Enquirer: 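Shown below is the structure under consideration.
Values in this document were obtained by computation on a predicted structure and should not be read as measured data.
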Amino acid sequence: MFGTDGAAIVVAMEPLLDIVPAPDRSGAPRWQALAPRGSVAGVAGLWPVSPFGLDFLLPTAPVTRPGAAELRVYVEPRWRRRGVGSRLLTAVREQTAVPCLVSYVAVGSQEERFYARHGFSHTRSWRHELLTYRDIHQAWLGELVDAEHPGYRLSHWAGDLLGAPRVEDLLRSPSRPGDAVLTAADADGDVGAYVVAVVGAPSRGRARQYGPVVLPGHRGRRLSRWVNAALIQRLREVHPHVTEIETAGAADDRHLLATRRHLGFRPLRRTSVYALWDGGPS
């Protein structure tokens with residue numbers, strides 16, 4: 001193994017560790033690196049692919065090869081640079097038949113170098129942003145929501161998201177108490193744009209936003225900003241304990257970033273997406 005300056009990098013492998021399967025209660029695949037006396041030096045696991053949890057709601061999201069899984073590897077600080085992460089990755093690849101492994105890591109982190117060193121390819125970058133309600137001018141927000149958009153009306157839905165529902169089906173179903181809030185621009189039953197927020201435990205006070213998405217045939221009409229402003233307003237009405245909204249999107253989607261910036265979202269962090277396909281990077 002060599003560094004960028006051409007000098008050899010020596011990573012000592014840790015022969016005394018045992019890599020053992022440790023599935024969670026649901027049976028999802030997990031592994032542990034056990035040190036002598038049973039202490040855990042590191043863990044690895046596979047999850048459904050999603051940078052934010054519910055990306056089936058975003059038809060414009062990059063498509064990942066069917067059967068892909070998100071890989072997460074963590075090594076305790078005192079065990080790092082001793083080959084523990086490499087051994088966990090080897091166990092994952094040898095003991096599963098997942099056709100594509102995907103990992104989301106902070107830009108500039110050691111994890112980026114780890115995955116690149118093991119043959120993963122950088123596929124895209126995500127920008128995470130945060131909006132806090134204390135920074136919102138409510139009268140200004142109300143003006144954005146009340147602005148006329150001929151041919152469109154705002155529709156709202158609230159409830160719990162189960163499975164992978166279609167936005168149109170949610171809007172046709174009755175609202176009820178739940179963690180999700182959906183706002184859409186509707187043109188005689190045809191959804192032109194929408195955005196969704198999902199709320200966690202009340203003590204956390206942070207919602208996660210997906211979108212806004214403007215569908216083909218409805219673009220160029222400022223629907224993105226309109227539905228997002230309406231969601232921000234509606235979310236606080238339904239869940240008054242929410243104090244901030246986090247969202248994520250492709251780092252090169254300038255229109256989406258501009259819409260969020262106009263509404264008051266501020267940069268939070270950036271993540272890189274690395275993928276390894278069966279047989280090597282692609």
Side-chain angles (χ1 to χ4, degrees), residues 1-2 9 11-36 38-76 79-107 109-126 128 161-166 198 208 210 248 250-251 271-282:
M1 186 183 304
F2 297 89
I9 300 175
V11 178
M13 300 298 288
E14 191 59 54
L16 298 179
L17 290 174
D18 288 325
I19 309 299
V20 299
D24 65 12
R25 294 180 180 179
S26 70
R30 308 284 189 267
W31 292 263
Q32 292 183 340
L34 296 181
S39 62
V40 178
V43 294
L46 298 178
W47 281 261
V49 170
S50 174
F52 221 29
L54 295 168
D55 297 290
F56 58 78
L57 293 168
L58 305 179
T60 56
V63 176
T64 302
R65 182 176 297 183
E70 180 186 350
L71 169 67
R72 302 178 195 172
V73 178
Y74 174 78
V75 178
E76 291 290 339
W79 285 96
R80 292 174 185 170
R81 300 188 65 82
R82 299 168 68 173
V84 178
S86 297
R87 291 191 59 190
L88 284 166
L89 176 58
T90 297
V92 172
R93 298 190 65 186
E94 289 180 348
Q95 298 176 29
T96 63
V98 176
C100 178
L101 297 174
V102 179
S103 290
Y104 302 88
V105 298
V107 171
S109 65
Q110 292 183 357
E111 286 80 3
E112 277 198 303
R113 295 186 288 274
F114 171 81
Y115 288 112
R117 190 169 69 241
H118 286 86
F120 284 68
S121 296
H122 178 268
T123 60
R124 66 189 74 100
S125 296
W126 288 89
H128 299 251
L161 295 173
L162 301 174
R166 296 192 317 137
V198 179
R208 289 185 169 180
Y210 303 84
T271 57
S272 294
V273 185
Y274 283 82
L276 180 69
W277 287 263
D278 186 25
S282 174

Enquirer: Which atom pair, heavy atoms only, marks the closest approach of S26 to D24?
Expert: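 Minimum heavy-atom separation between S26 and D24: OG-OD1, 2.7 Å.
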
Enquirer: Check whether any side-chain heavy atom of E76 sits under 4.5 Å from a side-chain heavy atom of V84, and report yes or no.
Expert: no

Enquirer: Look at atom CD of Q110 and say whether more than 12 heavy atoms of other residues, nucleotides or ligands are closer to it than 6.0 Å.
Expert: no

Enquirer: Looking at every non-hydrogen atom in both residues, tell me the closest pair between A91 and I19 and how far apart they are.
Expert: CB-CG2, 3.5 Å

Enquirer: When W31 is tested against each of L89, V73, L46 for side-chain contact (heavy atoms from CB on, under 4.5 Å), which residue passes?
Expert: L46

Enquirer: Pick from Y104, W47, Y115: which one makes a side-chain contact (heavy atoms from CB on, under 4.5 Å) with L71?
Expert: Y115

Enquirer: Please identify each residue that fulfils side chain to side chain contact (heavy atoms under 4.5 Å, CB included) with A106, with sequence neighbours left out.
Expert: S109

Enquirer: Measure across E112 and V105 and return the closest heavy-atom pair with its distance rounded to 0.1 Å.
Expert: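 For E112 versus V105, the nearest heavy atoms are CG-CG2, 3.5 Å.
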
Enquirer: One pair to check against side-chain contact (heavy atoms from CB on, under 4.5 Å): L34 and L17. What are the steps and the verdict?
Expert: CA-CA 5 Å; L34 296 181; L17 290 174; 5.9 Å; no

Enquirer: So, do P29 and P23 sit near enough that their side-chain heavy atoms are less than 4.5 Å apart?
Expert: no

Enquirer: Between R80 and V75, what is the shortest heavy-atom contact and its length?
Expert: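 Closest pair (atom of R80, atom of V75, distance): NE-O, 2.7 Å.
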
Enquirer: Tell me the closest heavy-atom pair linking S103 and F120, and the distance in Å.
Expert: OG-CE2, 4.5 Å

Enquirer: Could you check whether any side-chain heavy atom of R30 comes within less than 4.5 Å of a side-chain heavy atom of V43, counting everything from C-beta outward?
Expert: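 R30 does not reach V43 side chain to side chain.
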
Enquirer: So which atom in A44 and which in L88 form the shortest heavy-atom distance, rounded to 0.1 Å?
Expert: CB-CB, 4.1 Å

Enquirer: Measure the shortest side-chain to side-chain distance between R93 and L276 over non-hydrogen atoms and say whether it is less than 4.5 angstrom.
Expert: yes

Enquirer: Nearest 0.5 Å, please: how far is CD in E70 from SG in C100?
Expert: 11.5 Å

Enquirer: Rounded to the nearest 0.5 Å, what's the gap from CZ on R87 to CZ on R82? Could you check?
Expert: 11.5 Å

